[in-house]
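Presented below is the structure to which this report refers.
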Number of protein chains: 2
Amino acid sequence: MASILGVPRSVAEIYALLYIASSPLDFDHIQGRLGISKGSVSQGLKFLRGHEMILSVKEKGARRERWQPTPSLAASLVALLRSQVLPALEQAQPGLQRVLADAQARGAQPEVIERLSRLNRWNSRALELAPLLLPPPGA
Amino acid sequence: MASILGVPRSVAEIYALLYIASSPLDFDHIQGRLGISKGSVSQGLKFLRGHEMILSVKEKGARRERWQPTPSLAASLVALLRSQVLPALEQAQPGLQRVLADAQARGAQPEVIERLSRLNRWNSRALELAPLLLPPPGA
DNA sequence: CTGATGTTTCATTAAATTTTGAACCTAGGC
DNA sequence: GCCTAGGTTCAAAATTTAATGAAACATCAG
């Protein structure tokens, strides 16, 4: 499952552990349960925090932070995918346009030009739709 | 782009090359254009063939095979995703059920049980829907 | 059958990714 | 101000994944 979403095993394990847990878990508990290093736990929590997949619950008078999953798994996954797909689409845009222009310039077969145009339109549409479907933090 | 779909760079490059090309390309042409080894080209073509993303055009009296992309890019991508996601869902099923059963058995908090049930339902529904949305070869 | 072309296989090598752990911050109690 | 629990950073080590290329295989022309 982890690999499909493109996150390291350890990150997925941390999330799964928090998701399954009966209550928020602290740093040491996570490390102990998964048997991984402090560095990995820290980085994993950082990643999950960054993607708003977990929340910390600070208890009054306690030093430690305790972590639990954000309410909506669906929202978390969408945010995660968004963060991977969008940059790729943006990066692809100029290259696609160049290739299409080249093909037109050198008078390629109509079928090829049609193929490239369609791909271009897809990419553009996806970029337009993205913000609507997957609102960035604050919408 | 390649990494999102979980295919090696070389495979993606081969597909892109064929997609952009004005006509079907043969083995040597692909190797020469991308500057990769024979082994990589062979493996890449095997993968793309296996996922029905490319077709070979055999010319009469010619020994070499020449390759071109299958007509629908959309269908290709869907097939590719299907082949990655479905097995994962199937594999997840038993584990999910076990975790849920455990939680119920030990009388976990209702909130936790609700969370796990929902995940379970999602997984089941996804498995049911998959064959309808993404028909396997021959439908 | 034989030789040559075209392709596949797979053990080895190389590259990319992940994990580790020790050094380093930081905030709060004393 | 100083000490310590709690956490972060990041270079190096370990692991995983992909690419290479030599040897094996297949197919066809002669």
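So that the names make sense, note that chain A is the first sequence line, chain B the second, and so on, each numbered from 1.
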Run the side-chain donor-acceptor check on residues 67-81 of chain B: report pairs under 3.5 Å with partners two or more places apart or on a different chain.
{"from": "B:Thr70", "atom 1": "OG1", "to": "B:Glu52", "atom 2": "O", "distance (Å)": "2.8"}
{"from": "B:Thr70", "atom 1": "OG1", "to": "B:Met53", "atom 2": "O", "distance (Å)": "2.7"}
{"from": "B:Thr70", "atom 1": "OG1", "to": "B:Ile54", "atom 2": "N", "distance (Å)": "3.4"}
{"from": "B:Ser72", "atom 1": "OG", "to": "B:Ala74", "atom 2": "N", "distance (Å)": "3.3"}
{"from": "B:Ser72", "atom 1": "OG", "to": "B:Ala75", "atom 2": "N", "distance (Å)": "2.9"}
{"from": "B:Ser76", "atom 1": "OG", "to": "B:Ser72", "atom 2": "O", "distance (Å)": "3.1"}

Take atom [atom1] of [X] and atom [atom2] of [N], then tell me their distance rounded to the nearest Å.
{"X": "A:Arg64", "N": "D:dG7", "atom1": "CZ", "atom2": "C1'", "result": "10 Å"}
{"X": "B:Glu65", "N": "D:dC28", "atom1": "CD", "atom2": "P", "result": "11 Å"}
{"X": "A:Arg66", "N": "D:dG7", "atom1": "CZ", "atom2": "P", "result": "12 Å"}
{"X": "B:Phe47", "N": "D:dA18", "atom1": "CZ", "atom2": "P", "result": "10 Å"}
{"X": "A:Trp67", "N": "D:dG7", "atom1": "CH2", "atom2": "C1'", "result": "10 Å"}
{"X": "B:Ile36", "N": "C:dT7", "atom1": "CD1", "atom2": "P", "result": "14 Å"}
{"X": "B:Leu34", "N": "D:dA19", "atom1": "CG", "atom2": "P", "result": "11 Å"}
{"X": "A:Arg49", "N": "D:dT8", "atom1": "CZ", "atom2": "C1'", "result": "9 Å"}

Checklist entry - Looking at residues 11-20 of chain A, who's got a heavy atom less than 4.0 Å off DNA chain D? => result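 Result for residues 11-20 of chain A: none.
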
Query raised in the report: Is there a chain of hydrophobic side chains (I, L, V, M, F, W, Y, each step under 4.5 Å between heavy atoms) that links B:Val57 to B:Phe27?
Result: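 Per the 4.5 Å side-chain linkage, B:Val57 and B:Phe27 are not co-clustered.
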
Query - Shared hydrophobic cluster for B:Tyr19 and B:Leu55 (ILVMFWY, side-chain gaps under 4.5 Å) - result: no

Does atom CZ of B:Arg9 have more than 12 heavy-atom neighbours, drawn from other residues, nucleotides or ligands, at distances under 6.0 Å? no

Intermediate values then yes/no, side chain to side chain contact (heavy atoms under 4.5 Å, CB included), B:Ser22 and A:Glu111 = CA-CA 9 Å; B:Ser22 301; A:Glu111 197 204 308; over 6 Å; no

- Query: What is the nucleic acid contact for B:Leu45, judged by heavy atoms within less than 4.0 Å: base, sugar-phosphate only, or nothing?
  - Reply: nothing

| message | Taking any heavy-atom pair under 4.0 Å as a contact, classify A:Gln43: base, sugar-phosphate, or nothing. | response | base

Output for pair (B:Leu116 CG, B:Leu119 CG), nearest 0.5 Å, gives 7.0 Å

Rounded to the nearest 0.5 Å, how far does CG of B:Leu89 lie from OG of B:Ser124?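 It is 10.0 Å, given to the nearest 0.5 Å.
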
Just the table, please: protein N/O against nucleotides 23-26 of chain D N/O, every pair under 3.5 Å.
none

Discussion item. I need the single residue from A:Arg66, A:Arg64, A:Arg33 that forms a salt bridge (charged side-chain N to carboxylate O under 4.0 Å, His left out) with A:Asp28. Which is it?
Written reply: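 The option that passes is A:Arg64.
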
Q.
Please determine whether a side-chain nitrogen or oxygen atom of B:Ser40 lies at a distance below 4.0 Å from atom OP1 or OP2 of D:dT20.
A.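 Looking at the OP1 and OP2 atoms of D:dT20, one of them is under 4.0 Å from a side-chain N or O of B:Ser40.
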
- Would you say a side-chain N or O of B:Ser10 is under 4.0 Å from OP1 or OP2 of D:dA19?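 Checking D:dA19 against B:Ser10, a side-chain N or O does come within under 4.0 Å of OP1 or OP2.
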
Any side-chain heavy atom of A:Leu45 within less than 4.5 Å of one from A:Ile30?
yes

Q.
Here's a test of your reading of the structure: between A:Arg9 and A:Phe27, which maps to the more 5' nucleotide of DNA chain D?
A.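 Result: A:Phe27.
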
Considering only heavy side-chain atoms of B:Lys46, the closest of D:dT20, C:dT8, C:dT9 is C:dT9

